[in-house]
Asker: 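I'd like to ask some things about the structure below.
In what follows, every chain begins at residue 1, and chains take the letters A, B, ... in the order their sequences are listed.
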Protein chains: 2
Amino acid sequence: MSGTRADAGATSDAARQEVDPLALESQVCFAITRASRGIVAAYRPVLEPLHLTHPQYLVMLALWQESPLSLKELSSRLALDPGTLSPLVKRLESTGYLERTRASEDERSLAIVLTDTGRALRERAQAVPGIMRERLGMDEDDVQALHAGMMKVVELAARSEQGGPAEI
Amino acid sequence: MSGTRADAGATSDAARQEVDPLALESQVCFAITRASRGIVAAYRPVLEPLHLTHPQYLVMLALWQESPLSLKELSSRLALDPGTLSPLVKRLESTGYLERTRASEDERSLAIVLTDTGRALRERAQAVPGIMRERLGMDEDDVQALHAGMMKVVELAARSEQGGPAEI
DNA sequence: CACCAATGTTTGGTGCACAAATCCATTGTG
DNA sequence: CACAATGGATTTGTGCACCAAACATTGGTG
């Protein structure tokens, strides 16, 4: 790492004149989607013994923090479409980690609650973050820095939501 | 039981003792998938006038760099499964940006070539990187730094591919 | 009380993404 | 030449992910 931007001064004119702005390798969007797919792929063998996919793991994390959750609340915490979560939660129900009941005070909304099995799974899941840090070869500080950077990107992307269809 | 690994060395002891390692908000994997989805979402309104989805845009970038490409080559450059690309490329053919012919010297492999329309699209696409930088409010250095960080994550994730199913 | 708007969930449609199985042209090897 | 083995592409199956439309329950309001 260690920024080599020593002689950053004035864009080092000649240096970057040949760069194609449409070059695939230089696209941040490509790098970030690859990184995301790579991380999810790295989780796969670790989550597999728990019978969880990565998005399912995130749902379980949310439920371990607070258990009766509505679909809407879950959707907002995970920043995922309700239409995405609905079948996903059903799959988690069919593997036995949660139950989908209706909230007594408002029959419109779901009350998604952990089963005993789902609650018990948390013990085994405790090991996941450590295993992943080790597998990826990151220390606590790397994790912190990466997390901060990603949250900044999330922020930027969210802020840019306003812009309607661009005219090109 | 002995889990809590005490106040290990330089972990700023008291400061982070209450942190739940399974807290959703602290998961890097969550941050990175959110960031990725956010970025792709930010591209959507910009690519829509070009009738391209984000993965399709990446395919076009690859083809603008080198035009007759086989599916295998494309798959390796984009780090995407051939099974993912096959239908995607067909969709790009049906929108008229490319043609899928067979390589004359080896009838097994595809020769994916740009059509005139596909080649012409590059002109309009020139504007995309600038528009996106502006929409996201990033300057050239931000982009460089983010790109470098993501490539490092790609690297780490790729390196960790070895590890078989973890036993938890 | 009946109707209407708001809220939460579900459904349908399109498009990734990966893994495994299949198909087919090519390239050995006997 | 015949016949395996290989290698590239496609298909199939499962599971996200988003959008828009349909649906149902609530909660007003005339």
Asker: I want to confirm an ordering. Mapping A:Glu105 and B:Arg37 to their closest nucleotides on DNA chain D, which one lands closer to the 5' end?
Answerer: B:Arg37

Asker: Atom CG of A:Leu88 to atom P of D:dC18: distance rounded to whole Å?
Answerer: 12 Å

Asker: Can you find a pair of side-chain heavy atoms, one from B:Glu140 and one from B:Arg133, that are under 4.5 Å apart?
Answerer: yes

Asker: Whole angstrom is fine here: how far is it from CG in A:Leu71 over to P in C:dT11?
Answerer: 12 Å

Asker: Is there a path from B:Leu61 to B:Met132 through hydrophobic residues (I, L, V, M, F, W, Y) whose side chains come within less than 4.5 Å of each other?
Answerer: yes

Asker: Do the non-hydrogen side-chain atoms of A:Arg102 and A:Leu110 ever get within less than 4.5 Å of each other?
Answerer: yes

Asker: Kindly point out which of D:dC16, C:dT10, D:dT10 is positioned nearest to the side chain of B:Leu110?
Answerer: D:dT10

Asker: Rounded to whole angstroms, how far apart are CG on A:Leu74 and P on C:dT10?
Answerer: 12 Å

Asker: How far does OG of B:Ser67 sit from CG of B:Leu114, to the nearest 0.5 angstrom?
Answerer: 4.0 Å

Asker: Atom CG of A:Leu85 to atom C1' of D:dG15: distance rounded to whole Å?
Answerer: 13 Å

Asker: Between A:Arg102 and C:dT10, is there a side-chain N or O to OP1/OP2 distance below 4.0 Å?
Answerer: yes

Asker: More 5' along DNA chain C: B:Ala103 or B:Gly83, using each one's nearest nucleotide?
Answerer: B:Gly83

Asker: Here's a test of your reading of the structure: between B:Thr84 and A:Thr84, which maps to the more 5' nucleotide of DNA chain D?
Answerer: B:Thr84

Asker: Would you indicate what A:Pro55 reaches in the nucleic acid, counting non-hydrogen atoms under 4.0 angstrom: base, sugar-phosphate, or nothing?
Answerer: sugar-phosphate

Asker: Rounded to the nearest angstrom, tell me the gap between atom CG in B:Leu69 and atom C1' in D:dA9.
Answerer: 15 Å

Asker: Any idea which of D:dT26, D:dC18, C:dA25 is nearest the B:Glu107 side chain?
Answerer: C:dA25

Asker: Under 4.0 Å between a side-chain N/O of A:Ser86 and OP1 or OP2 of C:dT10, yes or no?
Answerer: yes

Asker: Taking only side-chain nitrogens and oxygens of B:Lys90, does any of them come within less than 4.0 Å of OP1 or OP2 of D:dT11?
Answerer: yes

Asker: Starting the side chain at C-beta, find the nucleotide from D:dT10, D:dT6, D:dT25 nearest to A:Arg108.
Answerer: D:dT25

Asker: When you check the phosphate oxygens OP1 and OP2 of D:dT10, does a side-chain N or O of B:Arg100 lie under 4.0 Å from one of them?
Answerer: yes

Asker: To the nearest Å, how far apart are A:Leu78 CG and D:dC16 P?
Answerer: 12 Å

Asker: From A:Thr115 OG1 over to A:Leu63 CG, what is the distance, rounded to the nearest 0.5 angstrom?
Answerer: 10.0 Å

Asker: Heavy atoms only, 4.0 Å cut-off, all strands: where does A:Thr53 land among base, sugar-phosphate and nothing?
Answerer: sugar-phosphate

Asker: Compare side-chain N and O positions of B:Ser109 against OP1 and OP2 of C:dA25 and report whether any pair is under 4.0 Å apart.
Answerer: no

Asker: Give the rounded distance in Å between these two atoms: CG of A:Asp81 and C1' of C:dT14.
Answerer: 13 Å

Asker: For A:Glu161 and D:dC18, what is the distance between atoms CD and P respectively, to the nearest whole Å?
Answerer: 10 Å

Asker: Mind telling me whether A:Tyr43 and A:Tyr57 have parallel, tilted or perpendicular rings, with 30° and 60° as the class edges?
Answerer: tilted

